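Before any comments, here is the structure.
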Amino acid sequence: MNEDLKKSVNEIEFYMQSLGVIEACENIFKWLVPEIEKIDAELSKKAGRPVVEYTRCRIKSAESIVNKLQRKGREITYNCAIATLHDLAGIRVICSFQDDVYHMTRKIRKIKGLKIRKVKDYIAHPKSSGYRSIHMMIDIPFGEQTIGLEIQVRSAAMNYWATLEHQMSYKNKKESGKETDKIRKELKDCAIDIAEIDKRFLKLRKRIEKL
């Protein structure tokens, strides 16, 4: 990272701390995570088994913000980040089965006071890479602005895949080549296999439940 980008990282980090963005995101988590846990408890009781395996929260680091703005060809400033990035804060909900993903999503969308701007179903319509998940883009009031929160809900199997795909997505361009292309192709093949395994596990679970 060159000196100009390092300076931008420091500036964005300063503004996020001093203007209360970090604190606001932490408050969002304190409100929203318990709501998600209530939904999990309700659905798990009804299903007679755990529905959510775990939930993770994260606030995008200043370095990640700068990298994303750069990749998208946008102005690398705090104001641009707040205005255009919809995942400054993130909550990831990992479910056991694919139908659990949809049950959780429907319930989360009904949380009182949650302003959902957009929902993307990458399970029904996977990305070209093979990525499958449901994303909910939430607008959280922050003074005269909003903070973009993204809730991701996906199966445990697809989360394993997404971890590797994430590593590849953030590789430096100079590392691209035949080996990278081969890995990406294998990852896409694996995504298709995992989606099929998700479906098979779901069918098996339903058969077991009927015994």
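Not measured: the values here are computed from a predicted model.
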Check the pair Ser8, Thr77 against side chain to side chain contact (heavy atoms under 4.5 Å, CB included), reporting the backbone distance first and the verdict last.
CA-CA 7 Å; Ser8 296; Thr77 62; over 6 Å; no
Could you work out, with ring-ring contact (aromatic ring centres under 6.0 Å, His included) as the rule, every residue matching Phe29, not counting sequence neighbours?
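With sequence neighbours excluded, Phe29 shows a ring-ring contact (aromatic ring centres under 6.0 Å, His included) to no residue whatsoever.
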Would you say [X] and [Y] make side-chain contact, with heavy atoms under 4.5 Å?
| X | Y | result |
| --- | --- | --- |
| Val52 | Ser44 | no |
| Thr180 | Arg184 | yes |
| Met158 | Asp198 | yes |
| Val51 | Met104 | yes |
| Leu88 | Ile59 | no |
| Leu114 | Leu32 | yes |
| Met16 | Ile65 | yes |
| Ile94 | Thr55 | no |

Tell me whether [X] shares a hydrophobic cluster with [Y], the cluster being built from Ile, Leu, Val, Met, Phe, Trp, Tyr side chains joined at under 4.5 Å.
| X | Y | value |
| --- | --- | --- |
| Ile39 | Val119 | yes |
| Ile36 | Met137 | no |
| Leu69 | Phe14 | yes |
| Val93 | Trp31 | yes |

What heavy-atom pair brings [X] and [Y] nearest, and what distance separates the two atoms?
| X | Y | result |
| --- | --- | --- |
| Arg132 | Ala195 | NE-CB, 3.4 Å |
| Phe142 | Leu19 | CZ-O, 3.3 Å |
| Leu149 | Gly90 | CD1-N, 3.8 Å |
| Cys95 | Val153 | SG-CG1, 3.9 Å |
| Ser133 | Arg154 | OG-CB, 3.6 Å |
| Glu165 | Leu187 | CA-CD1, 4.1 Å |

Quick one: pull up [atom1] in [X] and [atom2] in [Y] and give me the separation to the nearest 0.5 Å.
| X | Y | atom1 | atom2 | value |
| --- | --- | --- | --- | --- |
| Lys7 | Glu3 | NZ | CD | 10.5 Å |
| Lys120 | Met136 | NZ | CE | 13.5 Å |
| Ile111 | Arg109 | CD1 | CZ | 12.0 Å |
| Glu150 | Ile138 | CD | CD1 | 9.5 Å |
| Lys110 | Ile116 | NZ | CD1 | 11.5 Å |
| Ile76 | Leu5 | CD1 | CG | 5.0 Å |

Can you see whether Tyr15 engages Asn79 through a side-chain donor-acceptor pair at a distance of less than 3.5 angstrom?
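Note: Tyr15 and Asn79 side chains miss the donor-acceptor criterion.
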Does the side chain of Thr84 come under 3.5 Å of the side chain of Arg74 through a donor N or O and an acceptor N or O?
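Result is yes, a qualifying pair exists.
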Are any of the side-chain nitrogens in [X] or [Y] under 4.0 Å away from the carboxylate oxygens of its partner?
| X | Y | answer |
| --- | --- | --- |
| Lys68 | Asp87 | yes |
| Asp139 | Arg117 | yes |
| Glu209 | Arg205 | yes |

Parallel under 30°, tilted from 30 to 60°, perpendicular over 60°: which one fits the rings of Trp161 and Tyr131?
tilted
Should the ring pair Tyr122 and His135 be called parallel, tilted or perpendicular, given that the plane angle runs from 0 to 90° and is split at 30 and 60?
perpendicular
Taking atom [atom1] of [X] as the centre, does the number of heavy atoms from other residues, nucleotides or ligands within less than 6.0 Å exceed 12?
| X | atom1 | result |
| --- | --- | --- |
| Glu23 | CD | no |
| Lys185 | NZ | no |
| Arg200 | CZ | no |

Within the distance-only criterion (no hydrogens, no angle test), does the side chain of Asp100 pair as donor or acceptor with the backbone N or O of Phe97 below 3.5 angstrom?
yes
Using the rule given for side chain to side chain contact (heavy atoms under 4.5 Å, CB included), can you reason through Tyr160 versus Ile194, listing the C-alpha separation, both sets of side-chain angles and the distance that settles it, and then say yes or no?
CA-CA 10 Å; Tyr160 293 134; Ile194 290 171; 5.8 Å; no
Show your working on side chain to side chain contact (heavy atoms under 4.5 Å, CB included) between Arg58 and Ile91 and close with a plain yes or no.
CA-CA 7 Å; Arg58 67 105 182 97; Ile91 299 176; over 6 Å; no
Mind running side chain to side chain contact (heavy atoms under 4.5 Å, CB included) on Lys203 and Lys206 for me, showing each step along the way?
CA-CA 5 Å; Lys203 289 178 181 178; Lys206 289 182 176 180; 5.9 Å; no
